There are 2 protein chains.
Amino acid sequence: MGQLLTKERIRARAPAPVPKELLPLGQILDGDCIAAMRSLPDASIDMIFADPPYNLQLGGDLSRPDGSHVDAVTDHWDKFDSFATYDAFTRAWLAEARRILKPDGSLWVIGSYHNIFRVGASLQDAGFWILNDIVWRKANPMPNFKGTRFTNAHETLIWASMGEKAKYTFNYTAMKTLNDELQMRSDWVLPICGGQERLRKGGHKVHPTQKPESLLYRVMLATTKKGDVVLDPFFGTGTTGAVAKRLGREWIGCEREGLYRDAALERIEAALPLDESALKIMQSKRAAPKVAFGTLVETGWIAPGTVLTDKKRRFSASVRADGSLLNGTLTGSIHSVGAGVQGAPSCNGWTFWHLEHQGGWKPLDAIRQLYLLSTEP
Amino acid sequence: MGQLLTKERIRARAPAPVPKELLPLGQILDGDCIAAMRSLPDASIDMIFADPPYNLQLGGDLSRPDGSHVDAVTDHWDKFDSFATYDAFTRAWLAEARRILKPDGSLWVIGSYHNIFRVGASLQDAGFWILNDIVWRKANPMPNFKGTRFTNAHETLIWASMGEKAKYTFNYTAMKTLNDELQMRSDWVLPICGGQERLRKGGHKVHPTQKPESLLYRVMLATTKKGDVVLDPFFGTGTTGAVAKRLGREWIGCEREGLYRDAALERIEAALPLDESALKIMQSKRAAPKVAFGTLVETGWIAPGTVLTDKKRRFSASVRADGSLLNGTLTGSIHSVGAGVQGAPSCNGWTFWHLEHQGGWKPLDAIRQLYLLSTEP
DNA sequence: TTCATGTATGAATCGAATC
DNA sequence: GGATTCGATTCATACATGA
C-alpha cells in the first residue's frame, strides 16, 4: 500500500507517499503556524487553504450614519510594522506550505486589497503557478458609511498549483452541476457569515473574520478528492475543518489562540457529514440579472442628452451622463423624477419613461430587456 | 492666471499648477511610455489610466528602466528573471506616473491574475495608497474550452491615491445615481468589447485587448472632474481618449505602435462630445454651495420662534433670531443642540430637526433644498 | 401564527475646513 | 500642527418585538 513504486511515482520521481497514520489528522496544532507546519513531513498534504491576517492598517474609529459604532478588526494578530515585515511573514509561511504540499497538491489563499497583491506576488516568486483568481462577491457587504469610496463588496482568492507543469485536482463536472449546467466562473456570489452559522459567545462573535461554510464548500468540492488531506494554517474557528468533515476530507489545523481552538473543536464535533439533499441547499443561486439605468447609459444603449417622455407625452426629461434625469430644476433618478413631475409619492421609472426606438415609442423597460438579451451567454 | 499665489496653494505648499498650454493635450506621444512620460512636467496630470502588458511572454512590449528595449524572451527565459524584469519595468513606469500626477491625482491600473498582483505590490511599495480594487465582471467572457479551470470571467482594476493622506476626486452621488440610488459597489458587471465598438481592419481586430468604453466611462465619471487631464501610458486604440472626449475631459496618450496610433486618432476624431447639460452629474452635498441655517432665518424661510422637533417628536427646540436653537438651558447651533439633547457626540442638525411645512413634517434639509432651488440661476 | 416594524451588525485601510 | 467645529453618511440580513 502506498509504498510500492508505481509507474506514476517513477515518472514523477516522487518519493513514497507519507502514510496517513503519520499525520495529525483531525487535530489543531497549537502555536505559530510556521512552527506547526515544520512538524509535518514533506509532500504530505493535498490542499492548503490559508486565510492569513489581512494587515488592515485601520485608522481611527468609524461610526455609522445612525451614530452606532462599527466593530472593527483591531486584534493584535492583524498588526504588522510595515509591508516588509508582512512580506517576510508571508514568504516564511509560503515556504513551509510549499514543502509540505504534494507535487500535485494546490494552494488557496484568501485576502483583500490590503494584502492580496503582496501575497500573490510572493507566491509567484516562491514558484507557485496561479490557476485562477476567484472573486467572492459578497451578497450583503458592509456599506461605505462615509461615501468616500466604492463599497468594498468582495474579497479575492488565489488558487495555485505547485508549478507551471504541475498536476492538480479540478472537479470540472461537479462545478458545472453546481452551477446549473454552466461552467463555474471565477466570480462567486455568496453571503457573508451570519445568523445561526456565526459562532457567538455571550452575544459577541467569537472570531472577527469567520468565513462562510459555503465558500469552503465550493473550494473543497472543486479542488480536492474524497479522503484528501486539507491543511489550514490559520484555522481560526475551524470553518475548514467543519466543511472537510462534512465532505469526507481529512483535515489538520494550526491555531495559536486557545479561545479559537476550543470553539473550533466544539463546532467540528457537532458537524455531520452532509447527505445529498443537504448538499442541494448549499448550492448558490445564480445572481439575478439586475440592470441599473446607468448601465444603459454607460454601455451606449441610451445616449446622454436623450429626451424621455411619459406615454402621453405630458412630461419630459433629459438624460445626463451619470444616468440622472433633468426636468427644469428637478433632478434625480428615473424613479424620483418620474414621481416628481407627477407629484406622486413614488413611480416606476422603467415603465413610466418612454423614448423613440426603431420607429416606435418604447418604455425604458423594453430597452433594458434588449440589453439583457444582448449580454446573455 | 493660475500663477497667482492663492490661499489654497499657500496652505498646501503646492507649486503653481502647470498651465494646460504646456501639455500636449489631445496628442498621442510616439514611443516608449516611460520616455514619453519623461517629457511631461511634474504634478501636471489629474488621473492616469494604465492598461499595461499582462504577460511576460509579450516581451516585445517591455523596456528596461533606462528605456532600452528588452529582446523578445525566448526558450531560455528563467522564471525569476522574467518576473524580475517585469517588476523593474512596472516600477519604472510607476515612478514616472507618480512624478507627473498632481498631489490630489489618482491612478487606475487594470490587469489579470498574470500581472495584477505584481503591479499592486509595486504600486504600494512606490507609495500609492489603494482606495479600492474593482472587479470587472465580464457579462460575456470566453468560456474555458478545455474544462481545466474556472472560467476566467473577470479582470481586476486598482484605484489608488498618491498617499494615505492624499486627497482625491470621487463623485459619490453620481455613482450612486448611476446605480439606481444604491452605493456603487466594487464589482462592476459590464459586457466585453465587441460588435460595432470593436475596431476591425480587414476583418481582424486591430488590438487584441481593446477595452470597452463603458469601463472607461465609469472610471472617468467616478474619479475625474470636467476639464481634468487624463493620461493613458498604454494608449492602444484609444478607448481612454474617445471616452475623455465624450465626457469633456482632456487626454494625453503614449503609444509606440503606429498602427494603433492611426486607429486611435481616427476613432477619437469621430467621437462626439456630450453637450453641457448632458454632462452635468448629480452633485453631492459636500460639493454644493453651503447654506447656513441662519440664512434661512434671515430670508424668512424659517421664522424665529418656530418649534423644531426630531422625527419621533421626543425632543424639541425653538428657533431664535440669530439662527441658534433653544432647548431649556441648552443653546447653540442646530448641530450642537441636536447632539446635546440626544447626549450624542455629534449630530447633523439638517437631518435631525423637523418642522411643519405645507401640511407635512419635513427635515430642515428639505427647506434648504427649496431655498437652494429658489436661488439657482 | 403570521405579518409588520424596529434594531443590530458585518475583514473598513471611511471628512474637511477652520481656529 | 493639533484641536475644534461643521455637518455628511448605510445595504442586506437576521432577529426580536409587538400587533
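Given the structure is predicted, the values throughout are model-derived calculations rather than measurements.
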Let me have the donor-acceptor pairs involving side chains of residues 339-351 of chain B, under 3.5 Å, with sequence neighbours excluded, atom names and distances please.
{"residue": "B:Q342", "atom": "NE2", "partner": "B:G338", "partner atom": "O", "Å": "3.1"}
{"residue": "B:N348", "atom": "OD1", "partner": "B:W350", "partner atom": "N", "Å": "3.0"}
{"residue": "B:T351", "atom": "OG1", "partner": "B:N348", "partner atom": "O", "Å": "3.2"}

Give me the residues of residues 233-243 of chain A where at least one heavy atom lies under 4.0 Å from an atom of DNA chain D, by number, or none.
none
D:dC6 phosphate, OP1 or OP2, under 4.0 Å from B:H335 side-chain N/O:
no
Under the ring-ring contact (aromatic ring centres under 6.0 Å, His included) rule, collect the residues that match up with A:H207, sequence neighbours excluded.
A:W77, A:Y260
Involving DNA chain D, stems made of at least three consecutive Watson-Crick or G-U pairs, both distances under 3.5 Å
C:2-10 with D:11-19, C:15-19 with D:2-6
Does NZ or CZ of B:R137 come closer than 6.0 Å to the centre of the six-membered ring of B:W188, within 45° of the ring's axis?
no
Expressed as a whole number of Å, how far does the C1' atom of C:dG10 sit from that of D:dG7?
26 Å
Can you check whether B:W129 stacks with the C:dT13 base, using ring centres under 5.5 Å and planes within 30°?
yes
Contact list (N/O, under 3.5 angstrom) for nucleotides 2-5 of chain D vs protein:
none

Polar atom pairs between nucleotides 8-11 of chain D and protein, under 3.5 Å, N or O only, would you list them?
{"residue": "D:dA8", "atom": "OP2", "partner": "B:R368", "partner atom": "NH2", "Å": "2.6"}
{"residue": "D:dA8", "atom": "N7", "partner": "B:N348", "partner atom": "ND2", "Å": "3.2"}
{"residue": "D:dT9", "atom": "O3'", "partner": "B:Y172", "partner atom": "OH", "Å": "3.3"}
{"residue": "D:dT9", "atom": "O2", "partner": "A:F145", "partner atom": "O", "Å": "3.4"}
{"residue": "D:dT10", "atom": "OP1", "partner": "B:Y172", "partner atom": "OH", "Å": "2.6"}
{"residue": "D:dT10", "atom": "OP1", "partner": "B:K176", "partner atom": "NZ", "Å": "2.5"}
{"residue": "D:dC11", "atom": "OP1", "partner": "B:Q183", "partner atom": "N", "Å": "3.0"}
{"residue": "D:dC11", "atom": "O2", "partner": "A:P141", "partner atom": "O", "Å": "3.3"}

With sequence neighbours left out, the residues meeting side-chain hydrogen bond (donor to acceptor under 3.5 Å, both in side chains) with B:Q183 are A:T151, B:Y172
When you measure from the side-chain N and O atoms of B:K167 to the phosphate of C:dA17, is any distance below 4.0 Å, counting only OP1 and OP2?
yes
Go through the structure and list residues passing salt bridge (Lys or Arg N to Asp or Glu O under 4.0 Å) with A:D51, not counting sequence neighbours.
A:K211
Considering only heavy atoms, which members of residues 117-126 of chain B lie under 4.0 Å from some atom of DNA chain C?
none
One character per nucleotide, please: for nucleotides 14-19 of chain D, 5' to 3', B when the base has a protein heavy atom closer than 4.0 Å, S when only the sugar-phosphate does, - otherwise.
SS----
Provide the distance between the two C1' atoms, one in D:dT10 and one in C:dT9, to the nearest whole Å.
11 Å
Partners meeting salt bridge (Lys or Arg N to Asp or Glu O under 4.0 Å) with B:D46 (sequence neighbours left out)
B:K102
Can you list everything that forms a side-chain contact (heavy atoms from CB on, under 4.5 Å) with A:N55? Sequence neighbours excluded, please.
A:Q57, A:F80, A:F83, A:Y86
